[in-house]
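The chains referred to below are lettered A, B, ... by the order of the sequence lines, with proteins before strands, and numbering in each begins at 1.
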Amino acid sequence: MSNNRVTRRQFLNYTLTGVGGFMAAGMVLPMVRFAIDPVLQTKAEGDFILTSQKVADITEEPVSVNFTFEQVDAWYKSDVTEAAWVYKSGDQIVALSPVCKHLGCTVNWAGDSEHPEQFFCPCHLGRYEKNGQNVAGTPPLGPLDQYEVAEKDGFLMIGKKIPNTFS
Amino acid sequence: MLNKIYDWVDERLDITPIWRDIADHEVPEHVNPAHHFSAFVYCFGGLTFFITVIQVLSGMFLTMYYVPDVENAWKSVYYLQNEVAFGEIVRGMHHWGASLVIVMMFLHTLRVFFTGSYKKPRELNWIVGVGIFGVMLGLGFTGYLLPWDMKALFATKVGIEIAASVPFIGEMIKVLLAGDAEILGAATLTRFFAIHVFFLPAVLFALLAAHFIMIRRQGISGPL
C-alpha cells in the first residue's frame, strides 16, 4: 500500500463528519419519526353500528339513514353522525356512502330534477346511477362506496365502508 | 456529485467567501481543550447554543401536536407523550434541555466573568449576553405553564404574584401577563404560548446574532 492514499486531513474529515452525522441523526431521527407518526398509525376498523331504521320499512326508494358512532380523533373524542343512502334491490339491502368520489361533497338522491333516478352532487354536477355507478361525462371518476349491512332485531346495522360491488 | 453541484453554484454566486467567513476562523491555543484540557470551560458558550438548537427543533416538532387551550392542552400533551411514537423522547429533549440550557448558560457566564472577558472592548457583548439570559429565563417561565398540569398552574400563579409585587406598575404587569385581572386561565395560556413560541424566540435570535457577530468581530479574549 502506498504511503498517502488517505491523507491525515481526509481521514479526520471523514471520521469527524461521520461521527457528527451519527450524532445529528440520533438527535433528528426521533423528531422525524414523531412527526410522521400519523402516516404510520394503523386504526382498528369499527364494528357494525345499529341504526333506528326498520329493515321492513326499507323500499326500492333510497332513503338517508343516519348512524352515530364515537370517533377518537387523537386526544378528542366525539360522537359523529354520518349517513348512508339505503334501499332494497330485490331481496338485497344496499347502503351507499353519500360521499362524492370527485372531491368529497355530499350527494343527494334525485337532487337534480332532470335526473330523478340518479344520485346528484351539487358541487360540480356529478351524477351516479342508483347502484352507485358514476355517470360517464360527469366529474366523478369512480362509483360511490358501499357499506356492509347487517340486521339485528329487525333494525338495520351499518358496517365498514368498502368499494362498490354493485356496479 | 455533491462537489459538482457546489462548484456549479459557486461559479455563479461565489458562495465560498460567505461560508468561509462563518466557519473558517482561528481557534487560539488557550481555548483549545486539545492543548490544555482545562480549556474545556471555553466550550460552555457553544454548548449553550447547541442545546438552544435542540430546543428550537424539538419545540417546533412539539407544536405539531400541542394545542394551547385549557380544555385540550393537557390532553394533547398526554397524547403526544404516550400515543405518538418517540413522543416521550421528543418531549423529554425539550423538558431536560430547558434546564440544561440554563445550567450551561450559567457556566458560560461564570467563565466569562472569571476570565475577565467582559472587560473593554467586550462590554457590549456582556450586555447582550445578559439580555439573552433574561430571554432564556422568560422562555423557561412561559414554557412551564404550557402542559397545563397542577405544577404548571401553581408555578405560574406564584410567578405572576411575584411580578405583581413590583412597586406601582405591578398590578398592570400581572394583568398584562395573565390576560385577566382575576383568572389565570384560557387567556393566560394562549398568551404564554404566543410569547413562548413567537415573541421570545424572535428576540432571542436577534440577540444571538448580535452576540455572535460581536465575538467574530472582536475575537476570543486573550489568555489569562
[X] atom [atom1]: more than 12 heavy-atom contacts under 6.0 Å:
X	atom1	value
A/F69	CZ	yes
A/K88	NZ	yes
B/R12	CZ	yes
B/Y79	OH	yes
B/F50	CZ	no
A/E129	CD	yes
B/F199	CZ	no

Atom pair [atom1] ([X]) and [atom2] ([Y]), whose distance is rounded to the nearest 0.5 Å:
X	Y	atom1	atom2	answer
A/M31	B/M64	CE	CE	11.5 Å
B/E71	A/Y76	CD	OH	9.5 Å
A/R33	B/F61	CZ	CZ	13.0 Å

Minimum heavy-atom separation for A/P30 to B/V90, with atom names? O-CG2, 3.7 Å
Find out whether [X] and [Y] are in side-chain contact, i.e. whether some heavy atom of one side chain is under 4.5 Å from a heavy atom of the other.
X	Y	answer
A/F34	B/L62	yes
B/W74	A/W75	no
B/M93	A/M27	yes
B/Y65	A/D37	yes

Structural part of B/L57 lying under 4.5 Å from a heavy atom of chain A: both
